[in-house]
Amino acid sequence: MLEKVDELHKEIADYQVKSIEDVESFRIHFLGAKNGLVSALFNEFKNVPNDQKKVFGQKLNALKKFANERLQELKNSFEEQQILQGSPEDLTLPGIALPLGSRHPISLVKNEIVSIFKKIGFSISEGNEIEDDWHNFTALNLPEEHPARDMQDTFFVQTNPDWMLRTHTSSVQIRHMEKTEVPIRTISPGRVFRNEAISARAHCIFHQIEGLYIDENVSFADLKQTLLYFVQEFFGKESRIRLRPSYFPFTEPSAEVDVYWGLETEADYRITKGTGWLEIMGCGMVDPNVLKNVNIDPEKYSGFAFGMGLERIAMLKYQIDDLRKFFENDTRFLEQFKGAF
Ligand code: PHE
């Protein structure tokens, strides 16, 4: 019986094939489940005397392994030959390209702004889209009945009047200040919600990035310089900014930031209403009341904050005239941002 195994081993090693069909014959001849010679030997296992079973079994398994390896080898050699000789398929034809998606312009702008602030040491903080009254309003120096609450028309959660969809990402900054030690340097990108009529210039859902910097001796000059750095990184080294006094309950003093857009074309006149300047964000020195609300000592520390709408920035950067386009997901619009990162 043991000799039979050796004979078969030799037969397998010497087996010659000329075509891919021969390879299949090889398989059936030796490894076919019913009449294959190797398989047949397995059936004889029961007739082997007990004291030889161990050696026989080992040899048999080795034989089967060898036969399988040889089969694979023969197959491979034919496949290689086929490729060399020119297979029925033309392997040089270009493949079928999968359609590539593109990043949404809002994501592009967000990523760029985030990386600009990261370079000067700002961390990124994110929070919940459903907020409570304290984080969205009260802690930001907007107590109940404060008229400035009307500046941001709010969607409330019906089942709990203390909850709402956040109207700005300033709420994230309150959360961040509550759990982080000063010095704080962070930006909060995110989606925000306001109950506004949808038009070319407004939507009830939009995106913001707000920034916050708190430390000893932070001054308005630091704020101005940080914003100038940002605008020049984002819009180009030649860009100029100007600050106009404004009002936000959470900052004092407060300002609105304009960037100089130019007055070269007719479109420039239209976009800037004939002034050449475009408003891009709000900012100011964090109101001492806000610092008190999150247990930061306003005698010791000061800080600045700013906030901008990403849709507005993206509209300027890519010259998009209707904000609704960001939300329609029309592929003809989105495809234009292919390849941008
Ligand atoms: N939270 C303000 C808004 O949504 C923007 C802002 C942030 C203004 C920080 C000043 C300082 O309109």
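Both counts, for ligands and for their atoms, begin at 1 and track the order of listing.
Taking all heavy atoms of Ala255, Ser254, Ala305, Gly309 into account, the minimum distance to atom 11 (C) of ligand 1 is reached by Ala305.
Closest to atom 12 (O) of ligand 1, if we only count protein heavy atoms, is Arg194 NH2, 3.6 Å. Regarding atom 5 (C) of ligand 1, its nearest protein heavy-atom neighbour is Glu210 OE2, 3.5 Å.
Here is the list of ligand 1 atoms found below 4.0 Å of a heavy atom in Phe306: 7 (C), 9 (C), 11 (C). Of all atoms in ligand 1, numbered sequentially from 1 with element shown, those under 4.0 Å from a heavy atom of Phe248 are 8 (C), 10 (C). Atoms of ligand 1 found under 4.0 Å from any heavy atom of Ser170, numbered from 1 in the order shown, are 1 (N).
By the 4.5 Å heavy-atom criterion applied to side chains, Lys119 and Glu233 are counted as neighbours. Counting heavy atoms from C-beta on, the side chains of Cys204 and Phe155 come closer than 4.5 Å.
By the 30° and 60° cut-offs, the orientation of the rings of His168 relative to Phe137 is tilted. Phe337 and Phe333 have perpendicular rings, their planes meeting at more than 60° on a 0 to 90° scale where under 30° would count as parallel.
At least one heavy atom of Gln208 sits closer than 4.0 Å to an atom of ligand 1.
The structure places NE2 of His9 at 10.5 Å from CZ of Arg70, a figure rounded to the nearest 0.5 Å.
Both the sub-6.0 Å distance and the 45° axial angle are satisfied by Lys53 relative to the ring of Phe45.
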